[in-house]
Each structure stands twice: as C-alpha cells, then as structure tokens.
Amino acid sequence: MTLDSHWFTEVCEEGGSALSLKIKRKLHEEQSEYQRIEIFETEKFGNLMVIDGFVMLSSRDNFLYHEMMSHPALFTHPEPKRVVIIGGGDCGTLQQVLRHDGVTSALQVEIDERVTRLAEQYFPELCENNSDPRAQFLFGDGIRWMKEADAGSMDVIIVDSTDPIGPAKGLFTEDFYRDCHRALGEAGVLVQQSESPMYHMDILGEMHAAMRAAGFDTTRTLHYPQPVYPSGWWSATMACKGVRPEDFRAEAAAARGFSTRYYNADIHRAALAQPEFCREAFGD
Ligand code: SAM
C-alpha cells in the first residue's frame with residue numbers, strides 16, 4: 001500500500017502496525033507467474049524489493065537477515081559441505097553460505113526465476129558470487145523438490161522463504177519438515193525464517209511442534225533485529241538432527257576467515273538466549 005507518492009507503507013494487520021519507508025521512485029513493477037514484484041529506490045534504505053505488498057529486503061539492512069539465516073546453522077553443523085537453500089531468490093543467503101570455504105556445493109531452489117533476475121539488476125552486490133563454481137541454481141518448487149531429494153544427501157537446509165502464504169505455505173508444514181529430515185545426513189541442520197516473536201507466536205509455536213513431530217531432536221529460535229520487517233524484531237528457527245544448537249563451533253565462528261557486519265560468536269550465543277515467553281511456549 002502506498003500512502004502517497006513519497007512513502008511505501010506495509011500494513012501488518014496482525015500486529016496492528018505499519019512500516020513506512022520514504023521513497024524516491026519506483027524502479028520496477030511486474031506480475032510474475034507466481035507473485036507481484038516491485039522494486040523501489042528509497043531515500044535512506046537503498047533499493048527495496050517488495051513481493052505481494054510485503055517487504056523482502058533493502059540494500060541497507062539485509063545483512064542482518066542474511067548473516068543470521070546462514071552462519072548460525074553452518075557453525076552448528078560439525079562439517080557443513082552440502083547446503084541447500086529453498087527460496088532465497090535475491091541470492092543474499094547464498095552469498096553468505098559461499099563465504100564458508102568448507103562448503104562444496106550450495107544449491108538454491110527458488111520457485112520464481114524473476115526474483116533472481118531482478119536481484120541481479122537491482123541488488124548486484126548480493127549476486128557477486130553467483131558464478132562461484134560451487135553455486136547451483138534450480139528454478140522450481142522447493143516443496144516438490146525436497147520430496148524427491150535423495151536421503152542423507154545434504155548437511156544444511158536453509159528455508160529463506162516468503163511468509164506462510166501462497167507458494168510458501170507448504171514450507172511451514174510437518175510433511176515438508178519430514179522430507180527435510182530424511183534428506184539430511186546423520187548430522188543435519190534445518191533453519192527457516194520464522195517471522196516476528198512480537199506478532200507471530202502462533203506461527204512460531206506451530207513450526208516448533210511440526211519440526212519436532214517430523215523427527216528433529218531439538219528446535220531452537222534465534223532472535224535478531226530486522227528494521228524493515230514488522231515490529232523490527234525477527235527470528236530464524238533451527239531444527240537439529242544429531243547435533244545440539246548450544247554445541248555450535250564457537251571457536252571456528254570466532255576465528256572465521258571472512259568478514260561479517262553483524263554475526264560473530266557472541267552474537268550467535270546471544271541469539272540463542274530465549275525471552276521468558278518463548279521459553280514457556282517452546283521450552284529451551
Ligand atoms: N527475506 C525475505 C523475507 O523473509 O521476507 C525472503 C526473501 S526471498 C526473496 C523469498 C523467496 O521465497 C521468494 O523469492 C519466493 O519466490 C520464494 N518462494 C516462496 N515459496 C517457494 C517455494 N515453494 N519454493 C521455492 N521458493 C519459494
């Protein structure tokens with residue numbers, strides 16, 4: 001929704017709130033086969049991608065989300081080599097995954113090729129590593145793809161999807177998590193963007209229950225700020241198989257051979273701490 005020609009506004013009905021960003025101009029607008037995609041140039045947040053009226057990312061603050069969607073999961077797995085990203089068409093998560101030298105393959109399964117093509121055009125800084133030989137791109141439905149994936153064929157699965165509506169709805173179900181559990185090796189980590197603990201505890205609660213019902217030993221929500229998402233407080237939820245979130249490779253995280261803007265070992269530890277209302281809802 002646009003209040004007037006100078007502001008983009010996303011209304012969050014369930015939060016009874018809205019976020020507005022001052023815009024300079026609309027750079028692009030299209031209806032793809034799957035969704036309505038808009039790109040704006042903002043005054044202070046760089047470029048902004050919006051899908052079906054919901055903010056996906058801005059140039060200014062996407063590093064928070066992309067670093068927290070990737071590094072905690074990769075440093076929780078003892079030796080992550082084979083990584084699959086479901087969604088993530090803007091390539092920001094893929095870029096962070098490729099910073100890990102031990103990763104031998106990073107496959108991005110995005111339903112809408114147009115998101116990736118527009119990211120290449122309007123967020124080129126996120127796509128700089130797309131020609132890395134370890135990066136692979138498949139344009140198709142991640143739910144169907146995961147159903148057919150070989151058992152034990154991946155170490156880390158990152159679900160970087162839109163909200164649980166439209167084509168992403170099935171990514172938040174026990175059936176999908178069961179397929180992920182089967183596709184992971186003996187040690188495996190699934191991490192998924194899990195909305196705002198301020199506004200979406202119903203979704204978070206259902207995710208924890210469905211992940212555990214699908215066979216994961218442990219589930220844990222990571223908390224981090226994300227200014228352009230509803231409430232500004234966002235989360236990712238990890239489901240672990242044969243590994244424990246608190247046993248993450250803190251020394252390797254501290255000695256990582258690449259630079260980050262938000263993530264470090266202390267941030268990782270802090271993100272694992274649970275507010276009382278989350279502890280009551282999902283346990284530790
Ligand atoms: N950071 C964003 C957020 O939380 O709002 C997510 C960004 S990324 C652009 C989300 C992507 O998930 C979209 O490009 C969308 O096309 C993709 N997606 C949604 N459902 C999908 C599915 N079933 N399989 C693969 N990709 C899917």
Side-chain angles (χ1 to χ4, degrees), residues 19 21 42 44-49 54-77 80 83 85 87-103 106 108 119 122-130 132 135 156-163 189-200 204 220-238 240 245-275 278:
L19 168 93
L21 293 170
T42 71
K44 305 276 186 189
F45 278 75
N47 286 352
L48 176 75
M49 182 187 284
F54 299 106
V55 168
M56 291 292 114
L57 71 150
S58 82
S59 315
R60 183 174 176 184
D61 72 350
N62 76 79
F63 67 96
L64 295 160
Y65 176 91
H66 290 137
E67 291 183 15
M68 292 306 284
M69 284 295 289
S70 50
H71 304 311
L74 277 120
F75 282 119
T76 298
H77 192 282
V83 180
I85 299 160
D90 53 71
C91 305
T93 297
L94 175 67
Q95 182 178 54
Q96 295 301 325
V97 167
L98 292 168
R99 294 200 198 285
H100 292 251
D101 285 341
V103 167
Q108 181 176 288
Y122 295 107
F123 297 87
E125 71 283 8
L126 300 182
C127 300
E128 277 168 1
N129 305 88
N130 287 3
D132 186 312
V156 174
I157 300 169
I158 301 176
V159 185
D160 179 0
S161 76
T162 38
D163 299 337
V189 181
L190 162 69
V191 64
Q192 180 169 23
Q193 80 83 7
S194 50
E195 311 283 300
S196 171
M198 191 71 220
Y199 294 158
H200 306 116
L204 271 151
R220 182 71 72 84
T221 292
L222 297 149
H223 300 258
Y224 54 93
Q226 187 59 68
V228 297
Y229 289 169
S231 86
W233 174 8
W234 214 248
S235 70
T237 295
M238 282 199 298
C240 298
E246 55 275 29
D247 296 337
F248 78 97
R249 294 179 293 121
E251 280 182 22
R256 69 198 176 285
F258 54 86
S259 65
T260 50
R261 290 178 69 196
Y262 184 70
Y263 178 85
N264 58 38
D266 289 339
I267 287 284
H268 187 149
R269 213 169 280 116
L272 289 170
Q274 298 302 304
C278 292

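Remember, it's a predicted structure, so these values are computed and weren't measured experimentally.
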For residues Val191 and Ala73, report the shortest heavy-atom separation together with the two atoms involved. CG1-CB, 3.7 Å
So Ile85 and Met69, do their side chains get closer than 4.5 Å, heavy atoms only? no
Considering residues at least two apart in sequence or located in another chain, which fulfil the side chain to side chain contact (heavy atoms under 4.5 Å, CB included) criterion with Phe63? Glu67, Arg261, Tyr262
Sorted by chain and residue number, the side chain to side chain contact (heavy atoms under 4.5 Å, CB included) partners of Leu98 (sequence neighbours excluded) come out as Leu94, Ala106, Asn129, Asp132, Arg134, Ala135
For Pro124, which residues count as a side chain to side chain contact (heavy atoms under 4.5 Å, CB included) partner, sequence neighbours excluded? none
Can you tell me how far the OG atom of Ser161 sits from the CD atom of Gln192, to the nearest 0.5 Å? 5.5 Å
Please identify each residue that fulfils side chain to side chain donor-acceptor pair (under 3.5 Å) with Glu246, with sequence neighbours left out. Arg220
Rounding to 0.5 Å, atoms OG (Ser59) and NZ (Lys44) come to a distance of 14.5 Å
Indicate the atoms forming the closest heavy-atom contact of Gly87 with Gln108, along with that distance. O-CG, 3.5 Å
Between His268 and Phe75, does the ring pair (Phe, Tyr, Trp, His ring centres under 6.0 Å) criterion hold? Intermediate values first, please. CA-CA 9 Å; His268 187 149; Phe75 282 119; 7.3 Å; no
Rounded to the nearest 0.5 Å, what's the gap from NE2 on His66 to SG on Cys91? Could you check? 9.0 Å
Out of curiosity, Thr260 OG1 to Gln96 CD, how far, rounded to the nearest 0.5 Å? 8.0 Å
Less than 6.0 angstrom separating the ring centers of Phe248 and His71, yes or no? no
Applying side-chain contact (heavy atoms from CB on, under 4.5 Å) to His223 and Cys278, what does each step give before you reach the verdict? CA-CA 11 Å; His223 300 258; Cys278 292; 3.7 Å; yes
Do we see a donor-acceptor contact under 3.5 Å between the side chains of His200 and Asp163? no
Checking Tyr65 now: which residues fulfil ring-ring contact (aromatic ring centres under 6.0 Å, His included) with it, not counting sequence neighbours? Tyr229
Does Ala253 offer a backbone N or O that forms a donor-acceptor pair with the side chain of Arg256 under 3.5 Å? yes
Okay, side chain of Arg249, backbone of Leu74: is any donor-acceptor separation there less than 3.5 Å? yes
Measuring only between side-chain heavy atoms, which start at C-beta, is Pro227 closer than 4.5 Å to Leu64? yes
Rounded to the nearest 0.5 Å, what separation is found between the CD atom of Gln274 and the CG atom of Leu222? 8.0 Å
Under a 3.5 Å distance rule, please check whether Asp61 uses its side chain to pair with a backbone N or O of Val228 as donor and acceptor. yes
Heavy-atom check, side chain of Phe123 versus side chain of Asp90, under 4.5 Å: no
How long is the straight-line distance from CE of Met49 back to OG of Ser58, given to the nearest 0.5 Å? 11.5 Å
Please answer whether the main-chain N or O of Glu125 pairs with a side-chain N or O of Gln95 as donor and acceptor at a distance below 3.5 Å. yes
pair Pro275-Trp233: side-chain heavy atoms closer than 4.5 Å: yes
Derivation and outcome, side-chain contact (heavy atoms from CB on, under 4.5 Å), residues Leu204 and Glu195: CA-CA 7 Å; Leu204 271 151; Glu195 311 283 300; 5.6 Å; no
If you compare all heavy atoms of Thr42 against all heavy atoms of Phe45, which two are closest, and at what distance to 0.1 Å? OG1-N, 2.7 Å
Considering residues at least two apart in sequence or located in another chain, which fulfil the side chain to side chain donor-acceptor pair (under 3.5 Å) criterion with Thr237? Ser194, Thr221
Does Asn62 use its side chain to pair, donor to acceptor, with the backbone of Leu57 at less than 3.5 Å? no
